[in-house]
Each structure stands twice: as structure tokens, then as C-alpha cells.
Amino acid sequence: MRIVFYSSNSNIFDEKNFIISVFPKNTTTFKNFRLVHPEHEFFCVTQKPAMFMPEESSPNVFYLPQDASTQDFADSIQKLKPELAIAMTFWIEPYDWLPVSDSLIAQKLNESGIKTICHSTECGLNCFDKWRTHNELNSLGFDVPRAVFCDHDLYFCAGSNKEVIRNVYKESVLSELKKLKLPLIIKDTTGLSSYGMTVVNTYGEAAGYLNSKRNNSNRLIEEYINGQQYGLEIYGVPGFYQVLPPFKMSINQYGITSPKQSIKCGPCKLPESLNAMMLELAEKMKFYGVVQVDLILDEKNNWHIIEINPRLSGMSYTYAAACSLSVFEMLYRSCVQKVLLPECKGLIMSLKLPLMNQQELLEISSIKGVKLLNQTNDLAAKQEREKGFCECIIAYQQ
């Protein structure tokens with residue numbers, strides 16, 4: 001069988017200033033994966049920064065230009081004459097909408113007779129917009145925190161409309177906020193991960209935030225759920241899903257998981273109640289491929305879904321290390337062969353280290369127990385904290 005792994009990027013990527021270094025290289029990982037499965041021909045079609053994909057072009061790896069359209073992408077895949085195309089969707093700032101981009105490519109491939117493993121456009125949009133996610137989960141019967149949606153244009157419409165004496169929409173939002181239980185968490189509805197999230201402890205703080213210049217797009221204001229934060233991934237297709245055991249996430253001083261600073265440790269035991277909840281979520285939303293879910297276990301031992309990312313995630317390398325498999329292998333086994341991934345063995349920790357040079361990366365990657373290093377370095381960043389970090393995944397097995 002001829003199988004293509006693909007991933008697209010709709011945004012400009014400055015490859016001269018934004019440097020990604022992975023040890024061991026994805027090129028080596030993909031080569032080893034192909035050697036394990038000589039019965040198939042595997043290809044990669046992608047765009048920079050091509051997270052999780054081989055770093056170099058080759059007869060089996062194709063990089064498309066940044067301005068390639070959805071049709072260009074589909075045409076490039078079709079030329080390889082595959083029987084199957086598997087989305088390996090990644091993420092990039094400012095909008096977490098690449099699952100939608102890959103789903104549009106999948107639509108064109110399906111129309112041409114090529115089978116795909118990719119989330120639907122509807123699924124991508126429902127997870128991209130946090131207000132839509134909130135309403136979708138509620139409609140499917142999942143417990144969600146009470147929330148208020150704030151339309152940015154309506155909230156500030158009085159400023160540019162001389163006919164308006166008082167902004168009734170603004171008054172209604174502030175009135176509804178007072179019905180929510182403090183503290184509150186304010187989110188950008190279409191932003192990436194937890195960037196831009198703010199926790200407020202009074203209604204005055206909430207109103208102050210919404211009235212300020214920080215409120216520059218639509219916002220979702222939810223009741224903040226106190227508890228331990230976790231994350232997990234789900235692999236598979238309708239009729240066959242596997243929920244991987246959760247990892248515990250550290251939080252910052254504001255009670256939020258920070259992508260640039262958080263520590264992940266686990267895997268923790270997968271409770272039967274959580275497994276059943278995640279399988280129900282997968283079947284109802286008809287996931288195709290890999291999905292990452294952020295969760296909170298509250299003080300009464302109830303699980304709450306905080307966010308759904310229908311793509312590879314900041315946990316994917318950690319799970320690959322825990323399962324002693326590549327990301328390619330995990331997608332292939334779960335979605336093509338439809339067999340269970342191996343049980344995660346030992347203890348795994350993912351932590352963020354300061355930026356290092358290439359020699360330091362090589363030295364650390366050779367230390368026993370270090371499974372993978374993944375460094376992102378933004379050379380154009382003006383502030384030190386914005387330059388990036390090195391994710392170090394460490395395994396301990398008794």
C-alpha cells in the first residue's frame with residue numbers, strides 16, 4: 001500500500017529566525033519506521049515548520065512552498081497515487097485552525113477517490129472556536145462550566161456609533177457575569193492553547209479586563225474549576241479508539257498550564273470512568289486520527305473537559321517515548337492496523353530547559369534516560385522569555 005502522511009500550514013513561517021531542533025531527528029525516525037514496514041511505501045508531504053515530519057527533503061519527503069493552496073496540496077498528494085493519506089496536523093500561532101486546513105485537503109482527496117484519516121471540517125471548527133466547543137460539549141451531554149460569551153464588536157459598538165446612548169449588549173454581558181461563580185477564567189475564543197488566558201477573582205477585575213485594550217477579540221468567560229490539571233491523547237477512528245493514560249500537568253501562579261513552562265509527568269492510572277467518558281467523546285464527535293484533551297479533576301473527583309485539540313500536540317513526543325514508538329508508528333497502528341498501542345511503561349517526565357547550542361543538545365541527548373529533545377528558538381524575539389525553550393523528555397524504568 002502507498003500511504004502519505006501530510007500536514008499543512010496556512011501561516012507565514014520565518015525559518016531563518018525560528019529554529020526547531022529535535023534529537024533524535026525526525027528524518028532518522030521516519031527512515032527507521034519505513035524499514036520496519038517494507039510491505040508499504042510511505043511518503044510525507046508537508047510545509048514548514050513541518051513539526052513531527054522529517055527535516056530534509058528526499059524521494060519520499062516533499063516540502064511545498066508557503067503559498068501552496070489547498071488545491072496545490074491535494075494535487076501534490078494525488079501525484080504520488082496513494083491509497084491512503086493520514087493527517088499529521090500540528091499547530092502554529094496565532095490561530096489553532098490547522099486541523100481545518102488539513103480537513104479541507106482531505107475533502108479534495110476523498111473526492112478524487114483517495115481514502116483519508118483526518119478529522120472532519122465540522123470537528124475542526126467545533127474545537128477551534130472555544131465557544132463552539134463549549135456549546136458542542138453541552139449539547140452532547142457533557143458537564144461544562146457555566147460561561148458567558150462576549151462579542152468584541154458589539155461590546156465596543158457604542159464608541160463608533162453616535163446614535164447609541166448606552167450599550168445594551170455591554171450591560172447584558174456584565175450583568176450575566178455576576179451570575180457566574182468566582183473566580184473566572186477569560187479566554188480568547190480562537191487563540192492557540194492557553195496563550196492569553198487570564199484568571200480574575202472579582203467581578204470588578206472581569207469588567208476591567210473586558211473594558212481594557214487587552215480585550216481585542218471575542219472572549220469566553222467561564223467559571224474557573226479548582227483541581228488538578230491533566231492531559232491525554234486519544235488515537236483511532238470510529239469503532240476503534242484507544243484512550244492513553246493521562247499525564248499530570250503543572251500550573252503557573254495564575255492557575256493556568258503554561259505551554260512554555262509546564263512540566264508533564266506520568267503516565268497516571270487511567271480511571272475507568274475517565275476512559276468511558278473519553279470513548280463517549282470520541283464516538284460522539286467522530287474523531288479520525290489523534291486528539292489531545294485537557295482535563296481538570298476537581299475536588300469531588302469529577303472530570304471536566306477544558307479543551308479539545310484535534311491534532312498532534314505538545315504531549316505527542318511524550319507519549320511516543322512512553323510507548324517506545326514513533327509518532328508515525330502510533331498513528332499507523334491505531335488508525336490503519338487498528339491494534340492497541342503498547343502499555344506505557346515506567347515513568348516519563350517532560351520538562352522545559354533553557355535554550356542550548358547544538359553541542360550541548362548532542363551531549364544531553366546521549367545521557368541515559370533522555371528519550372528526546374525538542375528545542376524551539378525564536379532568534380527574532382525581543383524578550384528573553386519569548387525566545388523559546390528546550391523540551392527534555394526523560395524516562396525512568398525500574
Side-chain angles (χ1 to χ4, degrees), residues 1-7 20-64 76-90 102 109 114-118 233 235-237 240 242 244 288-290 311-313 315-346 348 358 361-362 364-375 391 393-395 397:
M1 184 186 297
R2 293 169 70 88
I3 301 174
V4 172
F5 293 100
Y6 75 95
S7 55
I20 299 175
S21 303
V22 180
F23 290 87
K25 283 192 170 186
N26 292 323
T27 297
T28 303
T29 301
F30 181 59
K31 179 182 178 181
N32 292 337
F33 167 71
R34 289 171 56 209
L35 291 173
V36 173
H37 300 284
E39 71 276 17
H40 300 304
E41 285 188 89
F42 291 100
F43 302 88
C44 292
V45 180
T46 187
Q47 289 174 294
K48 298 282 187 175
M51 294 181 187
F52 305 98
M53 290 289 201
E55 292 85 353
E56 294 91 19
S57 298
S58 73
N60 290 77
V61 180
F62 301 88
Y63 273 83
L64 302 187
S76 297
I77 295 175
Q78 288 169 19
K79 288 177 182 178
L80 296 172
K81 298 181 179 179
E83 286 114 307
L84 179 66
I86 304 173
M88 285 188 62
T89 309
F90 55 90
D102 285 348
L109 294 176
I114 298 172
K115 293 181 179 180
T116 61
I117 294 173
C118 178
E233 287 189 337
Y235 284 78
V237 294
F240 182 86
Q242 181 177 0
L244 299 186
Y288 281 84
V290 57
R311 52 165 172 76
L312 292 168
S313 72
M315 300 186 72
S316 298
Y317 278 137
T318 303
Y319 274 117
C323 294
S324 298
L325 298 174
S326 68
V327 174
F328 299 103
E329 187 71 49
M330 294 178 75
L331 281 167
Y332 173 72
R333 289 194 188 187
S334 59
C335 299
V336 181
Q337 292 184 320
K338 296 182 182 178
V339 297
L340 293 175
L341 299 173
E343 181 181 349
C344 300
K345 296 181 179 180
I348 302 288
Q358 292 296 303
L361 288 171
L362 285 170
I364 292 179
S365 66
S366 64
I367 297 175
K368 183 180 179 181
V370 175
K371 304 290 284 187
L372 184 136
L373 296 176
N374 178 26
Q375 177 165 287
E391 178 188 20
I393 299 175
I394 303 170
Q397 295 182 346

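Side chains are part of it too, since the values below use all heavy atoms of this structure and drop only hydrogens, waters and symmetry mates.
Under the 3.5 Å distance criterion, with hydrogens and angles disregarded, no donor-acceptor pair is assigned to the side chains of Ser7 and Gln47.
Note on residues 334-344: no pairs pass salt bridge (Lys or Arg N to Asp or Glu O under 4.0 Å), not counting sequence neighbours. The salt bridge (Lys or Arg N to Asp or Glu O under 4.0 Å) analysis of residues 28-39, with sequence neighbours excluded, yields no pairs.
With ring centers used as reference points, Tyr317 lies under 6.0 Å from Phe52.
Scanning for ring-ring contact (aromatic ring centres under 6.0 Å, His included) contacts around Tyr332 gives His37, His40, Phe42, with sequence neighbours left out. The side-chain contact (heavy atoms from CB on, under 4.5 Å) search around Asn32 returns Thr28, Leu35, not counting sequence neighbours. By the ring-ring contact (aromatic ring centres under 6.0 Å, His included) test, Tyr6 is found to be paired with no residue, residues two or more places apart in sequence or in another chain being considered. For Thr318, the side-chain hydrogen bond (donor to acceptor under 3.5 Å, both in side chains) criterion is met by no residue, not counting sequence neighbours. Cys335 pairs by the side-chain contact (heavy atoms from CB on, under 4.5 Å) definition with Ile117, Val237, Leu331, not counting sequence neighbours. Remark: Glu83 pairs with no residue by the side-chain hydrogen bond (donor to acceptor under 3.5 Å, both in side chains) rule, at least two apart or across chains. Among residues two or more places apart in sequence or in another chain, the side-chain hydrogen bond (donor to acceptor under 3.5 Å, both in side chains) test is passed with Lys115 by none. Annotation: ring-ring contact (aromatic ring centres under 6.0 Å, His included) contacts of Phe90 (sequence neighbours excluded): none. Residues that satisfy the side-chain contact (heavy atoms from CB on, under 4.5 Å) test with Ser57, not counting sequence neighbours, are Tyr63. Residues that satisfy the side-chain contact (heavy atoms from CB on, under 4.5 Å) test with Gln78, not counting sequence neighbours, are Ala74, Asp75, Leu109, Ser112, Ile114.
For the pair Ser316 (side chain) and Leu312 (backbone), a donor-acceptor distance under 3.5 Å is absent. Looking at Gln242, its side chain does come within 3.5 Å of a backbone N or O of Leu341 through a donor-acceptor pair.
Between Lys25 and Glu55, none of the side-chain N atoms (NZ, or NE/NH1/NH2) sits under 4.0 Å from a carboxylate O, so this pair counts as no salt bridge.
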